[in-house]
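Heads up: the structure comes next, in structure tokens.
From a predicted model like this one, the values you see are computed outputs, not experimental measurements. Within every chain, numbering begins at 1; the chains are lettered A, B, ... in the order of the sequence lines, protein sequences first and strands thereafter.
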2 protein chains.
Amino acid sequence: MGATKTDHFTEKQNSIAKMIKALGHPARIAIVEYLMKVDDCICGDIVNELPLAQPTVSQHLKELKNAGLIKGNVEGNAICYCIDEKAIEKLQHYFTGISAKLKLKKNCC
Amino acid sequence: MGATKTDHFTEKQNSIAKMIKALGHPARIAIVEYLMKVDDCICGDIVNELPLAQPTVSQHLKELKNAGLIKGNVEGNAICYCIDEKAIEKLQHYFTGISAKLKLKKNCC
DNA sequence: AGTCTTTATCGTAATATTGCAATATTAAGT
DNA sequence: ACTTAATATTGCAATATTACGATAAAGACT
């Protein structure tokens with residue numbers, strides 16, 4: 001085995017898991033945090049910022065993009081990557097929802 | 001290679017990535033969502049709820065516990081697993097923080 | 001056209017994850 | 001002590017992820 005059995009779970013569960021999984025790596029957290037504080041978002045700057053080789057960073061960016069967490073814009077020679085605000089909001093709402101429901105519940109442990 | 005280079009990132013980045021990663025699997029999302037809506041949280045019920053074999057579920061529970069997302073309480077013969085509210089809140093705050101900062105910024109893409 | 005710069009892709013090695021059958025462990029009930 | 005029930009651990013096969021060197025692709029510049 002080794003492959004996740006996605007077909008046994010709901011669309012929603014798979015979809016949210018995919019987004020969350022994309023952020024489940026320190027390099028990708030670092031990328032998002034960098035994009036958050038910077039005004040122009042050039043790929044090359046990200047490569048310089050991270051302690052990883054250029055192909056590795058490129059791969060991480062691809063995964064973030066694939067999960068819908070960032071968007072890429074061709075800017076002449078370079079590429080400008082930005083956080084997709086809506087995706088982050090989706091995650092925020094997901095956790096806010098869980099938190100709210102937990103507060104209405106008495107936890108047994 | 002194949003191993004994440006955690007030593008090149010900050011403690012915070014590694015720590016949040018670890019929590020997020022633990023949720024980045026539909027089975028573990030399903031477990032958390034199940035624990036959220038149910039009043040007693042017996043391991044056996046989770047096994048029955050999920051479309052996975054008992055050892056697999058046990059492993060997922062272990063990962064969630066290891067990441068601090070759930071707590072386990074021995075309840076006689078069975079084990080009661082509950083969501084750790086504080087962990088979820090931490091995640092909620094993390095995403096709320098990003099969202100808030102993004103709103104103060106003009107995104108270029 | 002040739003060159004430089006920037007980013008992506010390919011190929012591959014190392015490691016991690018997923019999933020399960022078999023087995024072990026632990027506590028309860030008899 | 002024996003048996004049953006619930007959960008964990010072990011061992012292993014299949015697959016995925018991470019990382020990077022080498023190379024390709026695409027646009028800018030001369």
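- Counting to the nearest Å, the C1' atom of D:dA26 and the CD atom of A:E75 are 15 Å from each other.
- Ring pair A:F9/B:H25 is perpendicular by interplanar angle, where above 60° counts as perpendicular and below 30° as parallel.
- Whole-Å rounding puts the B:I42 CD1 to D:dA6 C1' distance at 10 Å.
- Ring pair B:F95/A:F95 is parallel by interplanar angle, where below 30° counts as parallel and above 60° as perpendicular.
- Note on B:H25: a side-chain N or O is less than 4.0 Å away from OP1 or OP2 of C:dG19.
- Applying a 4.0 Å cut-off to non-hydrogen atoms, the residues of residues 45-58 of chain A that approach DNA chain D are A:L52, A:A53, A:P55, A:T56, listed by residue number.
- Spacing between atom CD of B:E63 and atom C1' of C:dG19 amounts to 12 Å, rounded to whole angstrom units.
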Quick one: which protein N/O atoms are closer than 3.5 Å to N/O atoms of nucleotides 2-5 of chain C? Pair and distance per line, please.
from  : atom 1 : to    : atom 2 : distance (Å)
C:dT5 : O2     : A:N77 : OD1    : 3.4
C:dT5 : O2     : A:N77 : ND2    : 3.2

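- Of the possible donor and acceptor atoms, one in the side chain of B:R28 sits under 3.5 Å from a partner among the backbone N and O of B:A22.
- Rounded to an integer number of Å, the gap from A:N73 CG to C:dT7 C1' is 15 Å.
- Following rounding to the nearest Å, B:D7 (CG) and C:dT15 (P) show an atom-to-atom distance of 14 Å.
- A 4.5 Å side-chain heavy-atom check between A:I79 and A:N73 finds every atom pair outside the cut-off.
- The CG atom of B:D84 sits 7.5 Å away from atom CE of B:M19, with the distance rounded to the nearest 0.5 Å.
- If you check C:dG19, C:dT7, D:dC20 against the side chain of A:I79, the one that comes closest is C:dT7.
- Contact annotation for A:K21: backbone-only contact, meaning every heavy-atom pair under 4.0 Å involves sugar-phosphate atoms and none involves a base.
- Summarising the geometry, the separation between CD on B:Q59 and P on C:dT17 is reported as 10 Å, rounded to the nearest angstrom.
- Between C:dT17 and B:H60, no contact under 4.0 Å exists linking OP1 or OP2 to a side-chain N or O.
- Put simply, the side chain of A:T56 never gets that close to the backbone of A:L52: no donor and acceptor are under 3.5 Å apart.
- In this structure, CG of B:N14 is placed 13 Å from P of D:dT18, rounded to the nearest angstrom.
- Taking side-chain N and O atoms only, A:Y81 has a distance below 4.0 Å to OP1 or OP2 of C:dA8.
- The nucleotide whose nearest atom lies closest to any side-chain atom of A:T4 is, among C:dA16, C:dG19, D:dT7, C:dG19.
- Side-chain atoms of B:N14 come within 3.5 Å of backbone N or O of B:T6 as a donor-acceptor pair.
- For A:G76 and A:A27, each mapped to the nucleotide of DNA chain D holding its nearest heavy atom, the one lying further toward the 5' end belongs to A:A27.
- Connection of A:I42 to A:V57 is not established within any shared hydrophobic cluster, with ILVMFWY side chains joined at heavy-atom distances below 4.5 Å, either directly or through further cluster members.
- For the pair A:K5 NZ and D:dA14 P, the interatomic distance rounds to 15 Å; values are reported in whole Å.
- A salt bridge does not link B:K101 with A:E33: none of the charged nitrogens is closer than 4.0 Å to a carboxylate oxygen.
- Residues B:K21 and A:K21 fail the side-chain proximity criterion, which asks for heavy atoms closer than 4.5 Å.
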